[in-house]
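Just so we're on the same page: letters track the sequence lines, and every chain starts at 1. The model shown is predicted, which means the values in this text are computed figures rather than measured ones.
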Amino acid sequence: MNNMLNGSKKNRRILIAKLGLDGHDKGAKIIINFLKEAGYQVIYSGLHKSPREVANIAVQEDVAALGVSILSGSHVELTTELINELKMLNFVNRILFVGGIIPDHDIEKLLNLGVLAVFPTNSDVNEILKWLEKRLSTTKVC
Amino acid sequence: MFSSNDGSIGAFEPSNININNYTEIAKTITSIQNNSKKHWEAISEYRLGNRKPLTIGVTGAAGVGKSTFINKFTEIALHNKKRVAILAIDPTSKFSTGSFLGDRLSFNGNFPEKGVFIRSIASPLDANSIPLSLSVIIKFLIIVGYDLIIVETLGVGQSDVEINNFVDIVIVIPSHESIGWVQQMKSSHHDIADYYFINKCDVININATYNSLKSLFGMKMSKRTFQDSVAVGSAKSGDGIEEFYNRVITNSEIADHE
């Protein structure tokens, strides 16, 4: 109920998206439910979305943060394409984070692409929420 | 209620926004939702002139197929060269104040590529099921150039009729579970329904629902006749949707000239 008092959270919209040909979204659903319980408005893309489809959803929904779940192994390629699509649509100054089966040696690659945080399997949902709340309070969304 | 600080500088002119610029359209909707005075005033004062856009509300209980219906309805509208925008309302938790906006899951992922603007909207925390800003958002989308605006309500109960105040035409998708005459007599949906689309004819025997609506039309005052208002089909397979679309659009165009 504390969230009722937190006016700053009022218009914080978050998109959770599944990119590419992986059909497992239990992790995405857990994050969605957790964020909803924390008072966010959460939009889910559904499975098997292309980078362009996800970029269009993020833009139309004007989300403050975009979380992408990838378990297929193509996280570097898909994230690169997604960032290009987002740039083409002039969708800037937002928070992008990636979760899924991400090997250690790829985390750096994703961060270099412009991803703000990577949450591999076994990440603690409370840690994700804490990080997100901090980022949202410091990132100016315009 | 209004906030003067909406983060942007200078005057806001809604007609300057290009229909292809999703980023600007989306940001403007956020400003409207944040009660930006500048945006509300500019849109409210704007005169639409001779344009004849159509706004349609789709309502019904949770799980009757509202999103799936809108998906197919929009595909046919696109074939008919309509510029479509969809506003999909989903419930906000009164406990956590959060919401899961999942209507997009039933929509074709290619719609934005084809020019369809879709926005998920969380229901307000007060007693209303539809935010007041919806009317401003609808008008803004009309100014931008959309000529068919479809509003999906959240899954409704027996007395949720607010949508009637926001749109030209209300389509009710009846639940096959609440067709007894007692339920029909209680429900307020008949007061707002311009059309009924009896859905899921491919998987459910719809005779009981059909006959129940027919007897309801015999008992209650209605906006239209049973023949005009009631259609049968399947939003999933697409059966009956094109015929229904033509009926709704033709009738509304005839009404325009009256």
Side-chain angles (χ1 to χ4, degrees), chain A residues 1-19 25 28-29 31-64 85-94 129 140-142, chain B residues 3 5-9 20-36 67 71 85-125 131 133 137 141:
Chain A
M1 292 302 268
N2 285 339
N3 295 318
M4 290 254 188
L5 306 169
N6 191 345
S8 66
K9 213 177 269 176
K10 204 171 65 178
N11 292 306
R12 291 293 155 137
R13 296 160 65 84
I14 300 172
L15 170 63
I16 299 296
K18 286 292 300 182
L19 264 181
D25 61 354
K29 284 173 182 163
I31 299 288
I32 288 166
N33 202 46
F34 203 78
L35 292 172
K36 183 197 163 196
E37 293 299 310
Y40 290 97
Q41 295 178 5
V42 194
I43 296 130
Y44 179 40
S45 69
L47 291 168
H48 310 310
K49 292 292 180 271
S50 71
R52 177 165 298 179
E53 284 172 342
V54 170
N56 270 324
I57 299 173
V59 167
Q60 291 194 341
E61 298 288 355
D62 197 25
V63 291
E85 294 286 349
L86 289 169
K87 277 182 186 159
M88 274 201 292
L89 290 166
N90 197 22
F91 188 78
V92 290
N93 287 333
R94 316 293 168 116
L129 182 64
K140 169 117 175 67
V141 179
C142 52
Chain B
S3 72
N5 180 16
D6 53 50
S8 56
I9 305 151
N20 298 315
N21 191 342
Y22 288 158
T23 310
E24 277 310 310
I25 297 172
K27 281 184 187 174
T28 305
I29 292 176
T30 305
S31 297
I32 296 168
Q33 290 178 317
N34 289 345
N35 296 322
S36 154
S67 307
N71 185 51
I86 303 171
L87 301 169
I89 307 172
D90 265 330
T92 296
S93 163
K94 299 273 196 282
F95 294 94
S96 70
T97 74
S99 47
F100 170 49
L101 309 174
D103 286 325
R104 276 194 107 102
L105 286 167
S106 309
F107 300 147
N108 189 330
N110 279 332
F111 276 169
E113 285 285 290
K114 295 178 180 170
V116 181
F117 190 91
I118 306 169
R119 182 71 170 230
S120 309
I121 295 173
S123 69
L125 271 172
S133 58
I137 296 172
L141 290 170

I'd like to know if the side chain of D62(A) pairs up with that of T30(B) as donor and acceptor (distance under 3.5 Å, no hydrogens or angles considered).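 Distance-only check passes for D62(A) and T30(B).
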
For [X], which atoms come within 4.5 Å of any heavy atom of chain B: side chain, backbone, both, or neither?
{"X": "S45(A)", "value": "backbone"}
{"X": "I43(A)", "value": "both"}
{"X": "I57(A)", "value": "both"}

With sequence neighbours excluded, tell me which residues meet salt bridge (Lys or Arg N to Asp or Glu O under 4.0 Å) with E53(A).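 E53(A) satisfies salt bridge (Lys or Arg N to Asp or Glu O under 4.0 Å) with no residue once adjacent residues are dropped.
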
Which bit of I118(B) is near chain A, if near means a heavy-atom gap under 4.5 Å: side chain, backbone, both or neither?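 For I118(B), backbone and side chain are both near chain A.
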
Hey, could you give me the [atom1]/[atom2] distance between [X] and [Y], rounded to the nearest 0.5 Å?
{"X": "I121(B)", "Y": "Q41(A)", "atom1": "CD1", "atom2": "CD", "value": "9.5 Å"}
{"X": "S120(B)", "Y": "Q60(A)", "atom1": "OG", "atom2": "CD", "value": "9.5 Å"}
{"X": "L101(B)", "Y": "Y44(A)", "atom1": "CG", "atom2": "OH", "value": "14.5 Å"}

Pairs involving residues 102-116 of chain B, ordered by first then second residue, that meet salt bridge (Lys or Arg N to Asp or Glu O under 4.0 Å) (sequence neighbours left out):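 Sorted pair list: R52(A)-E113(B), E61(A)-R104(B).
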
Using every non-hydrogen atom in the two residues, find where T23(B) and L89(A) come nearest and quote the distance to one decimal.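 Heavy atoms of T23(B) and L89(A) come nearest at OG1-O, 2.6 Å.
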
Greatest number of heavy atom pairs closer than 4.5 Å to chain A - which of P112(B), G102(B), A26(B), S99(B):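 Ranked by heavy-atom pairs under 4.5 Å with chain A, first place is S99(B).
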
